[in-house]
Amino acid sequence: MVVVDVANVIGSRPDGWWRDRAAAATRLRDELAASVAAGHPIGDLSPVELVLVVEGKAGGVGSVPGVEVISAPGSGDDAIVDVVRSRGPDRPVVVVTADRELRGRVAALGAVAHGPRWLRR
């Protein structure tokens, strides 16, 4: 399972994402869905269950085949931790974020964290 901190990942590229956060999250979702559908690896993993966590103004972005989107009711970081915590005990999880505090929280639950560049390779 790959869990993506969408706000953190879209914020890593200065492409105007701040003008329309929902559109930027939708572009990321669609880019990743196309990769999954084409059988391309996500980072260096394939096949993969892909979960995107959105928050705030990107909260209306929905799931599509191959990509589950979870709208955080509050903190996106807390929602990501909840997703990691809810996985099965033998299920590997990768969290994509550059947030150091979040990386520490998910590592304590057994997840591996990578930065946004890992996702975009």
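Quick caveat, the model's predicted, so the values are computed rather than measured.
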Quick one, Trp118 with Val112, criterion side-chain contact (heavy atoms from CB on, under 4.5 Å). Give me CA distance, side-chain angles, the key distance, then yes/no. CA-CA 12 Å; Trp118 178 87; Val112 174; over 6 Å; no
How far apart are the C-alpha atoms of Arg27 and Ile10, what are their side-chain angles, what is the distance that settles it, and do they pass the side-chain contact (heavy atoms from CB on, under 4.5 Å) test? CA-CA 9 Å; Arg27 282 191 303 274; Ile10 63 174; over 6 Å; no
Show, in sequence, the C-alpha distance, side-chain angles and deciding distance for Leu119 and His114, and conclude whether the side-chain contact (heavy atoms from CB on, under 4.5 Å) test is met. CA-CA 8 Å; Leu119 182 68; His114 292 293; over 6 Å; no
Would you please test Val94 and Val3 for side-chain contact (heavy atoms from CB on, under 4.5 Å) and show each step? CA-CA 6 Å; Val94 172; Val3 182; over 6 Å; no
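A donor-acceptor contact shorter than 3.5 Å is absent between the side chain of Asn8 and the backbone of Thr97. Panel note: side chain Ser63, backbone Val69; a donor-acceptor pair is recorded below 3.5 Å.
Side-chain contact between Val81 and Val106 is present, with heavy atoms from C-beta onward closer than 4.5 Å. Two residues are said to be in side-chain contact when any heavy atoms from C-beta on lie closer than 4.5 Å; Val53 and Val4 fail this criterion. Taking the side chain as every heavy atom from C-beta outward, Val2 and Val51 never approach each other to under 4.5 Å. With contacts defined as side-chain heavy-atom distances shorter than 4.5 Å, the pair Thr26/Leu28 does not qualify.
Linking ILVMFWY residues whenever their side-chain heavy atoms come closer than 4.5 Å, directly or via other members, leaves Val36 and Val95 in distinct clusters. Under the 4.5 Å side-chain heavy-atom criterion for ILVMFWY residues, no single connected hydrophobic cluster contains both Val83 and Leu45. Using a 4.5 Å cut-off between side-chain heavy atoms of Ile, Leu, Val, Met, Phe, Trp and Tyr, with links allowed through other members, Met1 and Val54 fall into different hydrophobic clusters. Under the 4.5 Å side-chain contact rule for hydrophobic residues, Leu32 and Val9 share a cluster. A single hydrophobic cluster is seen to contain both Ile70 and Leu109, as judged by linkage of ILVMFWY side chains at heavy-atom distances under 4.5 Å, directly or through other members.
Residue Ser71 holds its OG atom at 10.0 Å from CD of Glu55, rounded to the nearest 0.5 Å. Atom CG in Leu52 sits 5.5 Å away from atom CG in Leu50 (nearest 0.5 Å). Rounded to the nearest 0.5 Å, atoms CZ (Arg103) and CG (Asp5) are 10.5 Å apart.
Every side-chain contact (heavy atoms from CB on, under 4.5 Å) that Ala33 has, sequence neighbours left out, goes to Val64, Val67. Under the rule for a salt bridge (Lys or Arg N to Asp or Glu O under 4.0 Å), the partners of Arg85 that lie at least two apart in sequence or sit in another chain are Asp82.
For Ala111 against Val84, the heavy-atom pair with the smallest separation is CB-CG1, 3.9 Å. Closest approach of Val96 to Gly115, counting heavy atoms only: CG1-O, 3.7 Å. The shortest heavy-atom contact between Val61 and Ala22 is CG2-O, 3.6 Å.
Every pair passing salt bridge (charged side-chain N to carboxylate O under 4.0 Å, His left out) that includes a residue from residues 62-81 is listed here, sequence neighbours excluded: Asp78-Arg105.
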